[in-house]
Amino acid sequence: MAKAPADGDRAVRVRMAPSPTGPLHIGTARTSLYNYLFARHLGGTYVLRVEDTDAARGSDEFERDIIDNLHWLGINWDEGPQVAGGEDIGPYGPYRQSQRLELYAAEAERLLASGQAFGCYCTPEELEAMRREQEARKEPPHYNGRCRSLTDAERDAFLSEGRRAAIRFRVPDETVVFDDLIRGRVEIAAEALGGDRVIVRSDGSPLYHFVVVVDDAAMHITHVIRGEDHLSNTPLHVLLFRALGHEVPVFAHIPLILNPDRSKMSKRRSQTAISAYREDGYLPEAMVNFLAFLGWSPGTEEEIFTLDELANRFEIEHVHKAGAVFDKDRLDYLNGVYIRSLTDEQLAVRLRRFVSDALDDRGLVAVIPLIKERMVRLADARELVAFLIETDAEVADRYGPDELVPAKADAAGTAAALARARDEIADLAPDDFSTGELEARCRRAAEAIGWKAGDFFKPIRIGITGRSVSPPLFGSMELLGKDRCLARLDAALAKLATVVAA
RNA sequence: GCCGCAUUCGUCUAGAGGCCUAGGACACCGCCCUCUCAAGGCGGAGAUCACCGGUUCGAAUCCGGUAUGCGGUACCA
């Protein structure tokens, strides 16, 4: 079961910090999942914090999408907002950064007071010009320290020009070393950070790298599990934790999810919104199973796991180091596995919102045995059951007379065969209008005229369903009912007659 | 450019010095089953473990270098 936290008796606390600047992204979902599994495996606490400091790009709609889809996946949290715009729960709230501004201001003030940060009066235009010069000189772009040690007179001069100060963190000159649960020891020279970094804009709003550290410290986060794209930012974070006088958490940088061309998965090249997969009819169980295995493996050959089983088995040390291409084929396969594992009744509930109400609940449950193993996604059911919903005329409009004719037959022969089938079916008593009886009669009829069963069934299938590919024929006929079957076969016969006559 | 991380079948991965003539899954191919399509069963092909050098009796596994890929390099998150 749960083993002791890796770093002694400190209770594990992890967090997921999505930014509501877009719908829940596949990568964010997996990072959330890994955090969740890590916390549950160790009996720790899972915190959700909304990083909504970017008011211009963020929206309540996206926050709702993120929270809703996280819930849909089965990922729940112990602290944080429970519903979008709703009450937070937990002792370290509020859990939305837009409501924590006083804390950030106070922490920035502390850094200023201790001399670990300073006011910088350079304008964005000046900084841009400086960067361009450095680039022209083939130097790595970096802040040149112009405002590092301003005299009072210089400061007053800037102020009287109407300039407002941004706050910069004084980056010490050293090599930062930190341990990563997945990658081991990482060393990065602080020089690579490009000089003293702005932590509060000149308009007073704090920057991501600052608030993330302030909040992780304030919320007593012990393990920061996040995407590999944050690895290079980590030295800055370590330095800030130390400057603020807080314990540095343990880091774990998980590999990225990749487009087929191995670039970081993006909206441009892949479907990235979890909600889109949900609308296509992927099951959350399949999604979770798939995401968990994208970069992690239990080390055995088992591959089907529930969320709880994953939480039991998950070990962060076994997370793979390299990026993983999102393999849609594998997701499709897993989804099929999960669909087939449901009972007909369970499947009917999941399918309800994907299938028109023209097919009632009873009808839906009844057709499931015919379509269950033919679905990859729940949305596939729409096409699979369409023959039950479409009118006879709509079905007839789907095909031309030639399509009814099997490869080795002609129109006249097909018309005769189909007429024979029609008579057999018409002859059935209502009580005998069943899958078994239908099949037996049609097989006998095929044999009687010397046709292969497959050839004989082809025009029936197309006449009944309007399609050359369909769920099992006789089961479909039973569900359709005798009258509609006969009407559709008559329509097919009428079509054939037009080409036989010609 | 600079900094960092990575590199086992097409893809996801197993692999923690001898159990590896490298295992599994998806995809692919073939056969079987079969009313179409699926599902299922059986089988096949597919990786000189990026490359080069070391360490070792022995390396996919340890070390160094190279190459390639990716990520980062903001008063974005």
Side-chain angles (χ1 to χ4, degrees), chain A residues 17-22 51-54 56-58 120 122-124 127-128 131 134-135 138-143 164-168 180 182-183 186-189 191-194 197-203 205-209 211-212 227-235 253 255-256 258 260-264 290 293-304 317-318 320-334 336-337 340 371-376 380 384 439 442-443 446 452-458 460-462 465 467-474:
Chain A
S19 176
T21 51
E51 309 241 316
D52 58 350
T53 49
D54 190 342
R57 289 198 292 154
C120 173
C122 300
T123 64
L127 294 171
E128 179 52 34
R131 257 192 297 273
Q134 290 166 342
E135 243 163 271
K138 301 237 185 280
E139 286 172 25
H142 62 279
Y143 172 66
R164 305 265 311 273
I167 301 176
R168 270 185 199 275
D180 186 291
I182 295 167
R183 285 148 219 284
V186 179
E187 293 187 20
I188 300 177
E191 196 185 0
L193 297 175
R197 299 278 296 250
V198 173
I199 55 175
V200 178
R201 295 184 184 89
S202 49
D203 69 2
S205 61
L207 254 33
Y208 170 79
H209 293 301
V211 300
V212 78
E228 190 193 341
D229 46 350
H230 281 296
L231 194 58
S232 340
N233 297 324
T234 305
H253 289 93
L256 300 178
L258 274 21
D261 68 358
R262 303 201 76 87
S263 57
K264 178 166 135 183
F290 172 74
F293 274 67
L294 218 48
W296 174 82
S297 150
T300 65
E301 284 174 2
E302 305 157 88
E303 54 173 0
I304 304 298
E317 295 80 5
H318 276 79
H320 208 247
K321 293 181 176 69
V325 172
F326 186 91
D327 182 5
K328 187 107 180 313
D329 282 334
R330 196 183 170 78
L331 207 213
D332 284 345
Y333 161 77
L334 275 175
V337 168
R340 277 173 253 126
I371 66 171
K372 193 196 250 177
E373 61 197 29
R374 270 160 258 265
M375 272 186 277
V376 169
D380 295 337
L384 257 7
E439 178 164 2
C442 286
R443 281 186 189 283
K452 280 169 59 182
D455 289 338
F456 192 76
F457 297 168
K458 175 171 177 168
I460 307 177
R461 180 190 313 283
I462 296 176
T465 66
R467 294 155 171 87
S468 59
V469 171
S470 80
L473 218 208
F474 305 106

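Naming: A, B, ... by sequence-line order, numbering from 1 per chain.
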Touch check for A:S19, heavy atoms < 4.0 angstrom, all strands: base, sugar-phosphate only, or nothing?
sugar-phosphate

Start at the 5' end of RNA chain B and walk down; is the nucleotide closest to A:A322 or to A:D261 reached first?
A:A322

Is it possible for you to check whether A:R330 lies under 6.0 Å from the centre of the six-membered ring of A:F290, through NZ or CZ, and within 45° of that ring's axis?
no

In the structure shown, which nucleotide is the Watson-Crick or G-U wobble counterpart of B:G53, with both distances under 3.5 Å?
B:C63

B:C12 to B:G71 separation - P atoms, rounded to the nearest Å:
15 Å

Does either side chain, that of A:T465 or that of A:R461, offer a donor lying less than 3.5 Å from an acceptor on the other one?
no

When the P atoms of B:A14 and B:C75 are compared, how many Å lie between them, rounded to an integer?
39 Å

What are the two closest non-hydrogen atoms of A:H253 and A:G227, and how far apart are they?
CD2-O, 3.4 Å

Using the C1' atoms only, state how far B:A60 lies from B:C52, rounded to an integer number of Å.
16 Å

Check whether the side chain of A:R330 and the base of B:A25 form a donor-acceptor pair under 3.5 Å.
yes

Under the 3.5 Å rule, do the base of B:A74 and the side chain of A:H209 count as making a donor-acceptor pair?
no

Ring centres under 6.0 Å, that's the criterion: do A:H320 and A:F293 meet it?
no

Which residue, A:V337 or A:L473, contacts RNA chain B at a nucleotide closer to its 5' end, judged by nearest heavy atom?
A:L473

To the nearest angstrom, the CG-C1' distance between A:D332 and B:A27 comes to 11 Å

